[in-house]
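Read the structure below first, then the notes.
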Amino acid sequence: MATTTVARGKAAAGSTKAKRKAPFPVEFYRSALGKKYVMAITGIMLMGFVFAHMVGNLKMYLGAEDFNHYGEFLRELIVPILPRTVALWLLRLGLIGAFGLHIHSAYSLTRMNHAARTVKYQSKRDYIAANFASRTMRWTGVIFGLFLIWHLFDLSWTGTGATYVRGEAYQNVDHSLSRFPVAGLYIVANLALGIHLFHGAWSLFQSMGWNNPRFNAMRRNFAAGFAAIIVIGNVSFPIAVLAGIVGN
Amino acid sequence: MNELNLTLKIWRQAGPDAPGSFDTIAAPGINDEMSFLEMLDVVNERLINEGKEAVVFDHDCREGICGTCSLMINGQAHGPQKGTATCQLHMRKFHDGQEIVIEPWRATAFPIVKDLMVDRSAFDRIVESGGYITAETGGASDANLTPIPKPVADAAMDAAACIGCGACVAACPNSAANLFTAAKVGHLNLLPQGQAERFSRVEAMVDTMEEFFGSCTNHGECQEACPKEISIDFIALMNKDYLKSKFKNRKTLSRG
């Protein structure tokens, strides 16, 4: 039998019974592959949100009444079954959970990756396949995350300087985005999101094990198309406000 | 035949814990029909004749099938030619007067032994944990006794082409060994002979891999560097089987 005793982490701990198995989802999340699944699943949830958010905001092209009516509708989602705003809060909790897991898995995988190469290459690397999007995921994610906090202050919580009236969504958008630097910030943040999605919406197929020669060629097109739709939709809002198409 | 006059910047490091640095070595009069390793042989002979220490680098079969040679050449694992190990890379791919930077694989799991030589035994740990099948003993069974569809055999063969050189880890911005592990897992998991351990294999090999290496972010850099051009499709297959293993193994009652 094996006589070599190589000490290496848990495998050499010599205890098969001692470690109590954690519940399946926790056990799964402990592995890097499991974290990638979580990253992909939460990514899909966030993609769904970002798409619905963009489509919902297109209502601003129909005018103040439609836009504000849509905002009110969200609070009254499934109202006869659930009390007012409950459905919205359930969605929000799901979203917050998805964000939390997406960020935590990214953070711990990044830590793992840095530990896997403590001494970097001392000469210049020549990347062949890794593109700008895939190599800047951490940065585009962080940039967009910071923007998101600002965005919540700007249009949900307190407003950021411009006249802010709670509930008057159309007016608030108009007032906030009429400011040039703010419009610029929205455009930059959405470009970062687009770059993030260009890699993420492709990468999730690999992480989820969705690989089939029948549709493999379409995965990149899907990611590029999805990123383009989100960026074009979202960037159109600040431009429309500045151009006077949206607003009073 | 052309002669090349090259400038080599080679990583020199006396031992695993010694500090290393680039050493600039002039390599004039290199025959462009030499392989990259033959070029290094010539350089080493000259160094020895000058009473200097030869550059240590890994090499063995020199026909692209053993996976011993390595080298990061101008920032690319196994150099600029796609689907080629360093031993099969020829000097005609370089031009006269070029500066060539040669670095060892860099990964925490691949500590440098000396100069350009690294210890890749972390790969052995991964293979030990699940890279085997259960087979009946006794006389060798007839060939073709187990029917295997041609496309399946082809896919398994594509995975089995992995020579374990470590270029995937070296090229990966995260030092992930997912392509290596996926090739070893996929090669056995695709075939009927590998089904008995299919799910325990993927679980064990992935868990061992994660003790040493980084995680995959789907850059696709590994399949570009791979001298055997193994596809990242196998990584997706491994991910799929890993998830299944978590469900299936949980149902194994004997596990206690």
Side-chain angles (χ1 to χ4, degrees), chain A residues 2 6 8-12 16-17 21 24-25 27-28 30-37 39-40 105-106 108-131 133-135 137-138 199-200 202-213 216, chain B residues 9 11 20-22 72 74-76 80 82 101-103 106-109 112 121-122 125 129 169-178 206-225 232-244 246-247 250 256:
Chain A
V6 189
R8 51 183 178 93
K10 11 184 186 357
T16 45
K17 268 279 188 196
K21 281 263 171 189
F24 159 69
E27 195 67 30
F28 189 52
R30 275 182 188 155
S31 74
L33 246 60
K35 286 195 180 77
K36 289 299 291 188
Y37 268 98
M39 181 95 82
S105 55
S108 52
L109 290 173
T110 301
R111 288 280 304 268
M112 179 179 173
N113 294 344
H114 286 174
R117 184 172 287 142
T118 44
V119 181
K120 304 249 173 290
Y121 281 102
Q122 305 295 305
S123 59
K124 203 177 154 290
R125 278 298 310 275
D126 186 0
Y127 290 110
I128 310 159
N131 55 34
S134 72
R135 285 171 50 209
M137 287 304 272
R138 283 152 203 157
H199 181 68
W202 175 84
S203 180
L204 70 89
F205 287 95
Q206 281 290 110
S207 298
M208 298 290 293
W210 293 336
N211 182 302
N212 190 318
N216 277 357
Chain B
K9 268 182 79 181
W11 186 262
S21 64
F22 281 109
M72 208 71 181
N74 286 341
Q76 291 187 3
K82 193 168 156 54
V101 184
I102 310 170
E103 225 186 315
R106 297 260 183 210
T108 312
I112 293 174
S121 53
R125 302 291 91 74
S129 67
V169 174
C172 179
N174 307 322
S175 294
N178 288 48
V206 166
D207 289 349
T208 312
M209 169 185 87
E210 289 178 359
E211 286 175 34
F212 296 98
F213 296 97
S215 83
C216 177
T217 51
N218 302 316
H219 288 288
E221 202 59 36
C222 49
Q223 76 176 359
E224 298 300 323
I232 55 172
D233 292 350
F234 288 107
I235 296 180
L237 291 183
M238 175 176 75
N239 291 350
K240 211 187 216 169
D241 270 0
Y242 187 72
L243 180 65
K244 278 190 199 162
K246 290 295 178 186
F247 281 109
R250 206 162 60 105

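All figures in this text were calculated on a predicted structure; none of them were measured in a lab. In what follows, chains are A, B, ... by sequence order, proteins preceding strands, each numbered from 1.
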Checklist entry - Under a 4.5 Å heavy-atom cut-off, does chain A meet the side chain of B/Ala176, its backbone, both or neither? => result neither
Item to check | Residue, of B/Val101, B/Ile235, B/Thr217, that accumulates the most heavy atom pairs under 4.5 Å with chain A | outcome: B/Thr217
Checklist entry - Checking heavy atoms, do the side chain of A/Lys35, its backbone, both or neither come under 4.5 Å from chain B? => result neither
Next on the checklist: With a 4.5 Å cut-off on side-chain heavy atoms, are A/Asn211 and B/Lys240 touching?
Outcome noted: no
Item to check | Under 3.5 Å: donor-acceptor pair, side chain of B/Glu221, backbone of A/Ala130 | outcome: yes
Checklist entry - With chain A, which of B/Lys9, B/Glu224, B/Met72, B/Glu210 has the greatest number of heavy-atom pairs at distances under 4.5 Å? => result B/Glu210
Next on the checklist: Check whether B/Lys246 reaches the backbone of A/Phe24 with its side chain - one donor and one acceptor, N or O, closer than 3.5 Å.
Outcome noted: no
Next on the checklist: If I measure from the heavy atoms of chain B, does A/Thr110 come under 4.5 Å with its side chain, its backbone, both, or neither?
Outcome noted: neither
Item to check | Short side-chain to backbone donor-acceptor contact, A/Arg117 and B/Gly214, under 3.5 Å | outcome: no
Next on the checklist: If we ignore hydrogens and angles and just use 3.5 Å, is the side chain of A/Gln206 paired with the main-chain N or O of B/Gly220 as donor and acceptor?
Outcome noted: no
Next on the checklist: Tell me whether the rings of B/Phe22 and B/Trp11 are parallel (<30°), tilted (30 to 60°) or perpendicular (>60°).
Outcome noted: perpendicular
Item to check | Leading residue by heavy atom contact count with chain B [cutoff under 4.5 Å; candidates A/His114, A/Gln122, A/Lys36] | outcome: A/Gln122
Checklist outcome for this item: Okay, A/Tyr127 and chain B: the region with an atom under 4.5 Å from a heavy atom over there is both
Next on the checklist: I'd like to verify something: which residue of A/Ala115, A/Ala129, A/Gly34 has the highest number of heavy-atom pairs under 4.5 Å with chain B?
Outcome noted: A/Ala129
Checklist entry - Hey, does B/Leu243 have a side-chain heavy atom less than 4.5 Å from the side chain of A/Met208? => result no
Item to check | Interchain contact, B/Asp233 with chain A, by part (heavy-atom threshold 4.5 Å) | outcome: both
Checklist entry - Heavy atoms, side chains only, cut-off 4.5 Å: are B/Arg106 and B/Ile112 in contact? => result yes
Checklist entry - Is the side chain of A/Tyr121 donor-acceptor paired with the backbone N or O of B/Ala170 at a distance under 3.5 Å, no angle test? => result yes
Item to check | Option that, when pairs with chain A are counted at under 4.5 Å, heavy atom only, ranks first among B/Ala109, B/Ser21, B/Pro80, B/Pro173 | outcome: B/Pro173
Item to check | Heavy-atom proximity to chain B below 4.5 Å, by part of A/Asn216 | outcome: side chain
Item to check | Portion of B/Asn178 that has a non-hydrogen atom of chain A nearer than 4.5 angstrom | outcome: side chain
Next on the checklist: Quick check: closest heavy atoms across B/Asn218 and A/Trp202, and the distance to 0.1 Å?
Outcome noted: O-CZ3, 3.1 Å
Checklist entry - Under 3.5 Å, is there a donor-acceptor pair between the A/Asn131 and A/Ser134 side chains? => result yes
Item to check | Engaged part of B/Cys216 at the chain A interface, taking heavy atoms whose separation is under 4.5 Å | outcome: backbone
Checklist entry - Based on non-hydrogen pairs under 4.5 Å, which of B/Thr108, B/Asn74, B/Leu237 is most in contact with chain A? => result B/Thr108
Checklist entry - Taking every heavy-atom pair that is under 4.5 Å apart, which of B/Ala171, B/Ala225, B/Gly20 has the most such pairs with chain A? => result B/Ala171
Checklist entry - Is chain B contacted by the side chain of A/Arg111, its backbone, both, or neither, given a heavy-atom distance below 4.5 Å? => result neither
Item to check | chain A contact via B/Ile232 - side chain, backbone, both or neither, heavy atoms under 4.5 Å | outcome: both
